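Worksheet: the structure to be examined is printed underneath.
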Amino acid sequence: MNRKYLYPILIILVTVVLYYGDEYVDKLNSPANKTLSNPERSGAEFNDTFLPASTTGEIVKHNFYTLSYSEEHEQAEWVAYELKKSDLSKSEFERPYFIEDKKVETRSADWRNYKNSGYDRGHLCPAGDRRMSFEAYNETFLTSNISPQDHDFNAGIWNRLEQKVRYWARKYDGVYVVTGGVLKGDLNTIGHENVSVPNKFYKIVVDFLDENYKAIAFLIPNKPSPESYFEYAVSIDEIEDATGIDFFPQLPDSIENEMEQTINLKVWGKK
DNA sequence: CTGAGTAGC
DNA sequence: GCTACTCAG
């Protein structure tokens, strides 16, 4: 057989085995042996309680993450997803092409806006967080999930933060993540569709392992930085002020208020 | 891991 | 317009 066809088929086969193999193992282990300590706190219904409010009214639910799209800025104002410990498999997939998100009614930006713009097509929900299946990985390559990022920012401090989030997901047996660019003020644009270039990006990470939810948030300039992301840690309230987004409206007020005001870096491992 | 640009059908 | 290949931090 031609090698051109053999390789993709092998990838698909391996993927199917990995994907359904995990489901099979889960079935064997369930419900007597629960490897996750908080399985009842997972799934779509639970995730909905962490969804931010949309300022645009255009929420799009994908299978592996949810976003709120801003047609004005031609990108998501937030992308939200649960990153489970079990999501962190090491399957390797070939990077696909970015394609339009057909679930966005106003059409998401064409990838060509980014070509020769000087900016990366920076993932909001990282491809590295969705390697549990071929479908999940590919779903991150929708243009509704990218934002113009300075390359050295994306490959540098932002990438280091994303890897830390994966570490926290392993340590805390899953975290909830909300991330996006700050779409406010006078922003430069790129491409024929005028995709806004955020000056800052934010990321909020919630550990919901026990009843005492705790969160950490970051607001980082869209430029190279040799510093630690901890230098850019802020409260969720500060991100709400900067973006105008209400992040956890569905949580009980007492939990929301406490979580959004607090900055406790030591419990997140800052030395 | 995070990405880019170019050549060719 | 899409795929394959090469390359960088």
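None of these values were measured; they are calculated from a predicted model. Below, read A as the first sequence line, B as the second, and so on, with proteins coming before strands; counting in each chain starts at 1. All values below were derived from every heavy atom in this structure, side-chain atoms included, with hydrogens, water molecules and symmetry-related copies excluded.
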Distance test, side-chain N/O of A:R95 to OP1/OP2 of C:dC5, below 4.0 Å
no

In whole angstroms, the gap separating P of B:dC1 from CG of A:L88 amounts to 12 Å

A:W111 CH2 to B:dG3 C1': how many Å, rounded?
14 Å

To the nearest angstrom, the CG-P distance between A:D110 and C:dC2 comes to 9 Å

Rounded to whole angstrom units, what separation is found between the NE2 atom of A:H151 and the C1' atom of C:dC7?
11 Å

I need the CG-C1' distance between A:D152 and B:dT2, as an integer number of Å.
11 Å

Taking only N and O in the side chain of A:H123, is any of them less than 4.0 Å away from OP1 or OP2 of B:dC1?
no

Mind checking A:G156 for me? I need base, sugar-phosphate or nothing, with any heavy atom below 4.0 Å counting as a touch.
nothing

With a 4.0 Å cutoff (strictly under), does any side-chain N or O of A:N154 reach OP1 or OP2 of B:dT2?
no

Modelled atom types, side-chain donor and acceptor of A:N194 and A:H73, under 3.5 Å:
no

Are OP1 or OP2 of B:dC1 and a side-chain N or O of A:R131 less than 4.0 angstrom apart?
yes

Under 4.0 Å between a side-chain nitrogen and a carboxylate oxygen: does that hold for A:R130 and A:E139?
no

For a quick check under 3.5 Å, do A:S68 and A:E58 share a side-chain donor-acceptor pair by atom type?
no

Mind checking if A:D120 touches a base, just sugar-phosphate, or nothing, with heavy atoms under 4.0 Å?
sugar-phosphate

Salt bridge A:R170-A:D87, side-chain N to carboxylate O under 4.0 Å
no

How many Å lie between CZ on A:F98 and P on B:dT2, as a whole number?
10 Å

Rounded to the nearest Å, what distance is computed from the CZ atom of residue A:F93 to the P atom of nucleotide B:dC1?
10 Å

Where the side chain of A:E162 is defined as all heavy atoms beyond and including C-beta, which of B:dT2, C:dG1, C:dT3 is the nearest nucleotide?
B:dT2

CG of A:D150 versus P of B:dG3: gap in Å, rounded?
12 Å

Are any of A:R121's side-chain N or O atoms less than 4.0 Å away from OP1 or OP2 of B:dG3?
no

Is the closest side-chain heavy-atom distance between A:F153 and A:S225 below 4.5 Å?
no

Please confirm whether the shortest side-chain N or O distance from A:N116 to OP1 or OP2 of B:dG5 is below 4.0 Å.
yes

